[in-house]
Amino acid sequence: MSRDHLQSAERAEAGAPLTGAETPFLELLARGASVDAYEQPVLLARAEGRSAAVLDGLEHAKLLALRVRAELEGRRRREAELSALFETAHDLAGLRDLDAVLQAIVQRARSLLGTDVAYLSLNDPGRGDTYMRVTEGSVAARFQQLRLGMGEGLGGLVAQTARPYVTDDYFKDERFQHTHAIDSGVRDEGLVAILGVPLMLGHHVIGVLFAADRRARVFEREQIALLGSFAALAAAAIDTANLLTETRSALAGLERANEIIRDRSGVIERASDVHDRLAELVLRGGGVHDVAAAVSQVLDGTVEFTEAATAPTTALEASRAEGHAVPHADDWIAAVTVGGELLGALVLRGHPGLDPVDQRTLERAAMVTSLLLLARRSAAEAEQRVRGELLDDLLDARDRDPRLLRERAARLHADLDATHVVLAARLDGGAAEAARRVSGNVEPGRHTRAAAEPARHAGVTADAAHVDGATAADQEAGARRRLWSAASHLAATRQGLAAARDGGTVLLLPLTAGDTATALARRTARDLGTAVHEAVTVGASAPVRDLAVQPDAVAAAYAEGRRCLDALRLLGRSGDGAAAEDFGFLGLLLAGDRDIAGFVDRTIGEVVAYDERRGTDLVHTLDAYFTCGMSPARTKDALHVHVNTVAQRLERVGRLLGEDWQSPARTLEIQLALRLHKLSAQR
């Protein structure tokens, strides 16, 4: 203490008013000294032997200074607490990350309360317990992963009762239920004193905020209130985060709803657009491909009309049966039908995922296509009758004026000067077979058994047979009409002619470059069979030319085609197509003009041409080889050459005719061709 201060004390001792005794304590307050420092002025005065009055004045000043110091400390602490609460509220106002806000709350609670650890747990309604959400100052992994059942441990008790609980020694406190898992976690962390306050949303506890020390400690009322304030802010943060999540979810739902509405609106607009376009197409007489083009633009894809024969069979039949468009790989197929008859399909390419409204748009387009085809069929039937009349005239050779024939054909977009093939087509499916069974081809002995029955039974049997026969006849008649309609449609699309004749259909189709009568017959059998859903057998003539000047050639070609048709059915090849050239030497018997030169050329023409180009004698060697029983040794004697020469020549023949030239079927045809070649050379 300074001398001036002691003099002030002496004046107080002499009865003068006390002045200056509080000065040293004001200095201590000013520099924020510790509590122990406030004892120094009193101790110094006693050491100097000051009077009792001086010592009393110093004691009184000390008490006042300590009271002021405590007040200042309390205000600073409250200021720090308020600042922390304000900062937490500020974080909450700008909440972006809930975990970050909760972590800040736990950090500030630990700092202000001066504890070793602070942590926060949240209730799990699904499991009926509470779990650690955020920890600060924790070092034990097992503690950080604790789950507390309701009523278990101090935290479980707080969560269950919604009241704060504090213990200055956790392991000696019997107010709550101890469990091995919880005690092990607390022991790993080394905690002793624990304070827990509930996180409340209204009247519901959603979690617990904790402050804990690793030594015995008594938490003051102010500290409990402060932790409760942080708990309230934590609960508000969680509630705000939940509201934000719900709001974001609602906004996302609204966005999705708006997207759906926009999509639906767009789809409806597209549907309206395609309806207007299709209506306009029908009114101005548009065609099938115009419909496909319009739908392509509306659906933003490629839509094509495909013939039934080229469309995927399984998908096409499914669409026809269901009456809806069906997916096929990455495409969609919508069947185009008229009166149960399958005419083709609309195919949407490269759209594996199709909106239901767009699917109905494709189906509507298929329906419009069916209506267009039906309308055109009515108009085409008249044209088909005209085509049939022209073909009938060619078959019967009634109109022999080439100019009139060409004019009639030109009006039907047919060219009688082009090379054609005459095809005879006949049904070989269920309807035709049923009609044949009931039309008199009765099993042997059936009439005998019927005669032995009573008259009444015979009458009933006859009536039933009559009904069955009428039904089968109707079915066959309907099938024949469908065959004629399909053949007429095929002829019209390929610039040919078609007519019904002899229980079947005859077609006159142009033969394109590179095509053959056999290939044309097979395609026609397949196309007609697909159109009528029955097996159709087709026999073809050899190519014919100059039909306008040789109308009788059509009748001869038709007879040849019918012979091929009968041969196919006798050979069990119903539903197939073939020409005379497919039957080898039997084709000579089937062909109307007995095309011997053509048969020889098809069979050994390569060998004959090789001899003519090279001056060799392979034909003579081949003839001698067959004459000598296909023995090279005897052949070399007949030709007076070495056996190796025979082998070399036969090897050359094999390369020209193919490896199977010595098979039984081929050797028969080759020998016949050699004989015909020799005979034709002798003429």
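- G344 and L316 make their closest contact through O-CD1, 3.7 Å (heavy atoms, listed as atom of the first residue, atom of the second, distance).
- The main-chain N or O of A519 is found under 3.5 Å from a side-chain atom of T516 such that the two form a donor-acceptor pair.
- The closest donor-acceptor contact from the side chain of S541 to the backbone of V422 lies under 3.5 Å.
- Nearest heavy-atom pair across C628 and T635 is CB-OG1, 3.7 Å.
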R545/H420 under side-chain contact (heavy atoms from CB on, under 4.5 Å): CA gap, chis, key distance, verdict: CA-CA 6 Å; R545 301 172 180 82; H420 286 74; over 6 Å; no
Trace of the side-chain contact (heavy atoms from CB on, under 4.5 Å) decision for L346 with E363: CA-CA 9 Å; L346 285 185; E363 294 165 358; over 6 Å; no
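- Taking a cutoff of 4.0 Å between a charged side-chain nitrogen and a carboxylate oxygen, R494 and D527 qualify as a salt bridge.
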Step-by-step side-chain contact (heavy atoms from CB on, under 4.5 Å) determination, W661 to L622: CA-CA 11 Å; W661 72 277; L622 195 57; 3.4 Å; yes
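- By the side chain to side chain contact (heavy atoms under 4.5 Å, CB included) test, A315 pairs with P312, V326, H328, I333, sequence neighbours left out.
- Between the side chain of T645 and the backbone N or O of V641 there is no donor-acceptor pair closer than 3.5 Å.
- A salt bridge does not link D611 with R652: none of the charged nitrogens is closer than 4.0 Å to a carboxylate oxygen.
- I670 places a side-chain heavy atom less than 4.5 Å from the side chain of L674.
- A531 and A486 make their closest contact through CB-CB, 3.8 Å (heavy atoms, listed as atom of the first residue, atom of the second, distance).
- Taking OG1 of T621 as the reference point, atom NZ of K636 lies at 14.5 Å (rounded to 0.5 Å).
- Here the side chains of L427 and V532 are in contact, with some heavy-atom distance below 4.5 Å.
- Judged purely by atom type and a 3.5 angstrom limit, S485 has no side-chain atom pairing as donor or acceptor with the backbone of R481.
- In summary, of the residues considered (V544, V506, L423), a side chain to side chain contact (heavy atoms under 4.5 Å, CB included) with Y558 occurs for V506 alone.
- The two atoms that bring A579 and A517 nearest to each other are CB-CB, 3.9 Å, heavy atoms only.
- Between the OG atom in S488 and the CG atom in L497 there is a gap of 10.0 Å [rounded to 0.5 Å].
- Taking CG from L520 and CZ from R522, the interatomic distance works out to 12.0 Å, rounded to the nearest 0.5 Å.
- Residue A365 comes nearest to V291 through the heavy atom pair O-CG1, 3.9 Å, listed as atom of the first residue, atom of the second, then distance.
- Judged as a side chain to side chain contact (heavy atoms under 4.5 Å, CB included), and not counting sequence neighbours, the contacts of P327 are W332.
- Between R523 and V538 the shortest side-chain heavy-atom distance does not fall below 4.5 Å.
- When all heavy atoms are compared, the tightest approach of G575 to A535 is CA-CB, 4.1 Å.
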Pair E317-H533, side-chain contact (heavy atoms from CB on, under 4.5 Å): steps then yes or no: CA-CA 11 Å; E317 289 297 335; H533 304 289; 3.9 Å; yes
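- The backbone N or O of A624 lies less than 3.5 Å from no partner atom in the side chain of R634, so there is not a single donor-acceptor pair.
- When side chains are defined from C-beta on, L348 does not count as touching D331, because their heavy atoms never get closer than 4.5 Å.
- Between the side chain of D502 and the backbone N or O of G504 there is no donor-acceptor pair closer than 3.5 Å.
- With a 4.5 Å cut-off on side-chain heavy atoms, V421 and L511 count as touching.
- Rounding to the nearest 0.5 Å gives a distance of 12.0 Å between OG1 of T505 and CZ of R482.
- Here the CG atom belonging to L507 is positioned 6.5 Å from the CG atom belonging to L528, to the nearest 0.5 angstrom.
- For T310 (side chain) and T306 (main-chain N/O), no donor-acceptor pair under 3.5 Å exists by modelled atom type.
- Note that CD of Q671 and OG1 of T603 are 12.0 Å apart. Values are rounded to the nearest 0.5 Å.
- Under the 3.5 Å distance criterion, the side-chain polar atoms of E560 are matched with a main-chain donor or acceptor of A542.
- By the salt bridge (Lys or Arg N to Asp or Glu O under 4.0 Å) test, E322 pairs with no residue at all, sequence neighbours left out.
- Counting only heavy atoms from C-beta outward, the side chains of L483 and R426 never approach each other to under 4.5 Å.
- Side chains of R649 and T616 form no contact here, defined as non-hydrogen atoms less than 4.5 Å apart.
- Proximity of a side-chain donor or acceptor of S319 to a complementary backbone N or O of A335 within less than 3.5 Å is detected.
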